[in-house]
Amino acid sequence: MSEFLELKNIAKTYVNNEKPAVHGLAFSMNEGEIISFVGASGSGKSTLLKLVGGLIAQDKGTITFKGKALTKPEDKLIAGEEGIKMLFQDLKLMPNHSVAENIKYPLLKYNSAYQIERTNELLALCGLMEYKDRFPKQLSGGQQQRLALAKTLAEDPELLLMDEPFSNLDPIVKKRLVKEVVQIVKSEGLSLILVTHDTEDALMISDRIGFIDQGKLLQLGTPEEIYNHPQKVIVAEFFGNINLFTSQELKRILGSKHRRELSKGQVYGIRTEDFSVLPIKSGVKLKPKVVHNYYVGSASILEVIIEGKRIEIRVPANTKPSDLKEIYINPSLIMELAL
Ligand code: ADP
């Protein structure tokens, strides 16, 4: 069985650039899957998306969609692949046409009965029915985004590509919209590749997350794998607050009673929220000295010193730092990380 989407050994260097924007890139995607790519600015995420969208050509490697290699943009009249559609940040709405007309535009090749039926379906699906006669500028930012999505869905894609969608919306609207979009994508049976720097969005909606660093895909895995089993320090730090330890530091903190093998030269990580203020089964008891207390609403972040090592722990907001004599760590939560 051929893969839905498959990238093999992809490299791309832009003209006049020394360093490749992406290199050695390989992964495959199943139909119906939602994959997010996350990484720092300039790491190559948008380049990856443009390559998959057929908007730019790779220098090396192959991209196949449903068993067929993508056609190079220069060999096509209109760049882009049938079946793969990109939702652009600038939305590409037609300002002098109503909401309904915007959605209907990509459907004009079909008979009029289908045009009306599908337009109504997409208006309902994207929550725009009551705004169907308005012009785009008479919509809120979130509604404009939903219109752009409806218009893209009218093009009948199988794989949808989104680059930092909704980043210009306020955070509450954005969070709601991201969840709505995922429900729409799932209900239409589509596949989605999303580029984002918002790790919470990625963890919340993705089947798998890929972390890109300097044009290289460092890790691709389920949200649980990426968050709880990051292979590298950079991935662990990107997805949450973490304390790093050398093997000597950890040995000192865990004490002689703990028998876990620790290798010299290995970096270990413990997430700030993995310390418990209550005793836990098979937990190791630690004696912290609190040096700072930062209240962040839902929790308190305490800076503590344990066996000479300064670390941060996240504890319930009602914890009184002055009463905190002991904290506990389950050694199985300690991560082994490569630099
Ligand atoms: P991201 O989406 O992760 O921010 P990009 O894929 O946009 O990263 O960029 C990756 C690298 O390629 C960066 O170093 C960027 O400066 C460079 N780059 C991106 N687009 C172009 C372009 N059109 N011409 C030259 N260099 C580019």
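Both counts, for ligands and for their atoms, begin at 1 and track the order of listing.
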**OP:** Would you mind checking which non-hydrogen protein atom is closest to atom 9 (O) of ligand 1, with the distance to 0.1 Å?
**Re:** Thr47 OG1, 3.9 Å
**OP:** Between Asn17 and ligand 1, find which residue part has any heavy-atom pair under 4.0 Å and reply side chain, backbone, both or neither.
**Re:** side chain
Original post:
Ion pair present between Asp163 and Lys50, side-chain N to carboxylate O less than 4.0 angstrom?
Top reply: no
Original post:
Can you list the ligand 1 atoms lying under 4.0 Å from a non-hydrogen atom of Ala40?
Top reply: 3 (O)
Original post:
Quick one: are Leu153 and Glu121 in side-chain contact, heavy atoms under 4.5 Å?
Top reply: no
**OP:** Establish, for the pair Arg271 and Tyr227, whether the NZ or CZ atom is under 6.0 angstrom from the six-membered ring centre and no further than 45 degrees off its axis.
**Re:** yes
Subject >> side-chain contact (heavy atoms from CB on, under 4.5 Å) assessment of Val38 paired with Phe239 >> reply: CA-CA 10 Å; Val38 175; Phe239 280 87; 4.1 Å; yes
Original post:
Does an N or O from Gly44, backbone or side chain, lie closer than 3.5 Å to an N or O of ligand 1?
Top reply: yes
Original post:
Counting only heavy atoms not in Ile172, do more than 12 fall under 6.0 Å of its CD1?
Top reply: no
Original post:
Under 4.0 angstrom from atom 25 (C) of ligand 1, is there any protein heavy atom?
Top reply: yes
Subject >> Pair Glu188 + Arg118: basic N to acidic O under 4.0 Å >> reply: yes
Original post:
Side-chain contact, heavy-atom cut-off 4.5 Å: Gln145 with Val181?
Top reply: no
Original post:
Less than 3.5 Å between some nitrogen or oxygen of Gly42 and one of ligand 1, yes or no?
Top reply: yes
Original post:
Which atoms of ligand 1 have any heavy atom of Ser41 under 4.0 Å away?
Top reply: 4 (O)
Original post:
Can you list the atoms of ligand 1 that are under 4.0 Å from a heavy atom of Lys45?
Top reply: 1 (P), 2 (O), 3 (O), 4 (O), 6 (O), 8 (O)
**OP:** Could you tell me the residue and atom name of the protein heavy atom closest to atom 19 (C) of ligand 1, and the distance to it rounded to 0.1 Å?
**Re:** Tyr14 CE1, 3.3 Å
Original post:
Does an N or O from Lys50, backbone or side chain, lie closer than 3.5 Å to an N or O of ligand 1?
Top reply: no
Original post:
Short check: is a protein heavy atom less than 4.0 Å from atom 16 (O) of ligand 1?
Top reply: no
Subject >> Transitive ILVMFWY side-chain link Leu203 to Met335, under 4.5 Å >> reply: no
Original post:
Are the aromatic rings of Phe4 and Phe65 close, with centres under 6.0 Å apart?
Top reply: yes
Original post:
What are the atoms of ligand 1, with element, lying closer than 4.0 Å to any heavy atom of Ser43?
Top reply: 1 (P), 3 (O), 8 (O)
Original post:
Please state which protein non-hydrogen atom is closest to atom 7 (O) of ligand 1 and give its distance, to 0.1 Å?
Top reply: Ser46 CB, 3.7 Å
